[in-house]
Protein chains: 2
Amino acid sequence: MGPVTLRDVAQLAGVSIATASKALNGQPQVRASTRDRVIRAAEQLNFSPNTLAQGLITQRTGTVGLLTSDLEGRFSIPILMGAEDAFGSDQTSVFLCDARGDAIREKHHLRALLSRRVDGLIVVGARPDARPSLGRDLPVPVIYAYSPSEDPADLSLVTDNVGGGRLAVDHLIRHGRRRIAHITGDATYGAAQDRATGALARLAEEGLQLAGDQVWFGSWSEAWGRSATRMLLERDPGVDAVFAGSDEIARGVLDVLHQEGLDIPQRVAVIGFDNWNILAANARPPLSTIDMNLEQLGRLAAQRLFAAIDGTLRSGASAAGASASGASASGALAPGTETVPCRLVTRESTG
Amino acid sequence: MGPVTLRDVAQLAGVSIATASKALNGQPQVRASTRDRVIRAAEQLNFSPNTLAQGLITQRTGTVGLLTSDLEGRFSIPILMGAEDAFGSDQTSVFLCDARGDAIREKHHLRALLSRRVDGLIVVGARPDARPSLGRDLPVPVIYAYSPSEDPADLSLVTDNVGGGRLAVDHLIRHGRRRIAHITGDATYGAAQDRATGALARLAEEGLQLAGDQVWFGSWSEAWGRSATRMLLERDPGVDAVFAGSDEIARGVLDVLHQEGLDIPQRVAVIGFDNWNILAANARPPLSTIDMNLEQLGRLAAQRLFAAIDGTLRSGASAAGASASGASASGALAPGTETVPCRLVTRESTG
DNA sequence: TTGTATGCGTTATCAG
DNA sequence: CTGATAACGCATACAA
């Protein structure tokens, strides 16, 4: 038996295809008893409408594309999950495409997605710095998440890294720490700079200097966390807290502090960044850290996208509207960069 | 301007829609010069065919559904990536759906996917044990990856955990270790049992006993790795190698060995399982481990699915075929469980 | 070699 | 309230 179509349902219910369609779509202009008959027939046949045909007519497919450069990575997944549950599973499905950081592949995927008539796109970059825009003249709304677009005319949703840095240091200060060091990753990452900026700002408010007299930039690895900690202890043995730019780095910090016999958190408190559960929750002791709220970022992206899609449709339908706004074809997306606040996660490494 | 359609292309090229279609689809029955004209017109307009319309006709959408219960997890992602690149980015796109372990949500997703007329399905479970089948009468081929289906009539692709356990112990033996312990996760996981079985088999071949006189089952956590190692060292201080059932556990093992001042790998060698890069590569020392070849598993799943889809189509087309086989509607999938071998990854923790 | 006509499964616009 | 009928964008058997 081939797939069951609306015709089969109509036939079983003894009505025309048109009536069956109206009945199932909740159109008011159909007698209650007829509607029941149709619905029962549909259930009996386990009918599910062919969304391809629907999309062809309504110009909406109920699909969005998620274009990422960081699949193996830790960032796109939470964003994807947030987006997925904001959309609602039976409303919208998401195409996941990984460009693996390759511009050519990205173009291919983009083409494929547009060809599939997705209603919108979410672009997730591999690192939190600005990335090239997909262009201004796309037929669907686009939202850049995690990595902002280089084009200020696009809408980007990013983590508030400055706020995150401030949050971490604030937490340490509230726990009575005064000699706070900052060990972080690659200095070419905007996120590293921003977190440091936030940390320094909070220290300055308290009239404090950075322990070790510098921000220790390096790489986003456990190994760097270890070697930086050794250097730090040599330069400033009295340090009583370390703010690590990532949980990986924090693990390296913990490792060396243990080697040196320094109690955590009594002697030195440690806080990380990312709340990467496998690293943070299993650390010894479990690691306090800053969570970027990526699921929320994903949800927000989905909501914005949804609004824009609805806007596109409405504006397309209301040709008689009096609106003189210069909204682009991609819908009602307010351009600019929105920022999502971080959240402190307290575990034992800060007491 | 709305999306450009084949009509626009035909018009610009000065031919009929039918001719334009044939030209673009590489049908032989069209003059070369005409074809060129059409192709140029298509490029000029940046035409891309509406796959919805195509799918409606050809009964193939060029999409597959990936139904997972483990999105945040480490397993579905490599599988997804393998599948993605086996399909080829411009041929097939994949819908990713996370059921989050909820049967209701899974049903919803399944319905949505079928309604979108995916050509096939890959189901990835949350743990390597058998999971309920989606059923036998689905209109598309289904492949179960990582978690096998409970129904032997389905096709499942799983990791060779027995072989993996054997591989790990074999590696230790080849490096001259004789007093080998095994610390692993939850005993209710088939994978834990299988890996232990493989390990024991290889030990038996060598006439060796397990150090500590037992398999240390517990949980898949670093904390368990630590406490089990302490118990182990107490019971059998002479142990010269540990095979950990996961990289997380291995990290815990390493931690305690360091605390006890036991050199790795000189005094005790350690090997993990999963090759979870963030844990294994950054360990001190970097951790040898067993890789489950999940990308390959994903590729294989994609290939099998592809073959089945082609089979479905061919068998549907050749109504005059002489085949008397009782192949199901879901295509030519050979039922049963296929096994993908593991791979040894050597780093410094085993010398 | 090219064009015409038909249909894929739905929704939407009309008459009845 | 219900039922023909025309799209939606494309592929294909058939006619020219």
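Everything numeric in this text was worked out from a predicted model, so none of it was measured. Here is how names work: the chains are called A, B, and so on, in the same order as the sequence lines, proteins then strands, and each is numbered from 1.
The interatomic distance linking B/Arg116 (CZ) with C/dG9 (C1') rounds to 15 Å, in whole Å. Between B/Asn25 atom CG and D/dC10 atom P the separation is 11 Å, expressed in whole Å. D/dG9 atom C1' lies 15 Å from atom CD of B/Gln11, rounded to whole Å. Rounded to a whole Å, the CZ atom of A/Arg7 is 15 Å from the P atom of D/dG3. To the nearest angstrom, C1' of D/dA7 lies 16 Å from CD of A/Gln54. Distance A/Leu6 CG to C/dC8 P: 13 Å, rounded to the nearest Å. The distance between atom CG of B/Asp8 and atom C1' of D/dC8, rounded to the nearest whole Å, is 14 Å. Atom-to-atom, CG of B/Leu52 to C1' of D/dA7 comes out at 15 Å; the value is rounded to the nearest Å.
We find the OG-CD1 distance between B/Ser76 and A/Ile77 to be 7.5 Å, quoted to the nearest 0.5 Å. B/Thr63 OG1 to A/Arg116 CZ: the interatomic distance, rounded to the nearest 0.5 Å, is 6.5 Å.
Within 4.0 Å (heavy atoms only), A/Thr51 reaches no atom of the nucleic acid at all. Counting any heavy atom pair closer than 4.0 Å across all strands shown, B/Ser21 reaches a base atom.
Proximity of A/Thr34 to the phosphate of D/dT2: a side-chain N or O atom is located under 4.0 Å from OP1 or OP2. Between A/Asn50 and C/dC8, a side-chain N or O to OP1/OP2 separation shorter than 4.0 Å is absent. In this model, the phosphate group of D/dT12 is approached by a side-chain N or O of B/Gln27 to a distance below 4.0 Å at OP1 or OP2. OP1 or OP2 of D/dG3 sits under 4.0 Å from a side-chain N or O of A/Ser16.
A residue-by-residue look at A/Val15 and A/Ala53 shows that A/Val15 has its nearest nucleotide of DNA chain D further toward the 5' end. For B/Ile57 and B/Arg37, each mapped to the nucleotide of DNA chain C holding its nearest heavy atom, the one lying further toward the 5' end belongs to B/Arg37.
Within the 4.5 Å cutoff, the side chain of B/Phe47 has heavy atoms near those of the B/Pro49 side chain.
For the residue pair A/Ser149/A/Arg131, the side-chain donor-acceptor check at 3.5 Å is not satisfied. Side-chain contact, B/Asp154 with B/Ser133: a donor N or O sits under 3.5 Å from an acceptor N or O.
When each of A/Thr51, A/Asp310, A/Thr92 is checked for a side-chain hydrogen bond (donor to acceptor under 3.5 Å, both in side chains) with A/Arg60, only A/Asp310 meets the rule.
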Using the 3.5 Å cut-off, write out each protein N or O paired with an N or O of nucleotides 13-16 of chain D and the distance between them.
none

Give the C-alpha distance, both sets of side-chain angles, the deciding distance and a yes or no for salt bridge (Lys or Arg N to Asp or Glu O under 4.0 Å) between A/Arg100 and B/Glu84. CA-CA 11 Å; A/Arg100 293 171 170 79; B/Glu84 214 196 9; 3.3 Å; yes

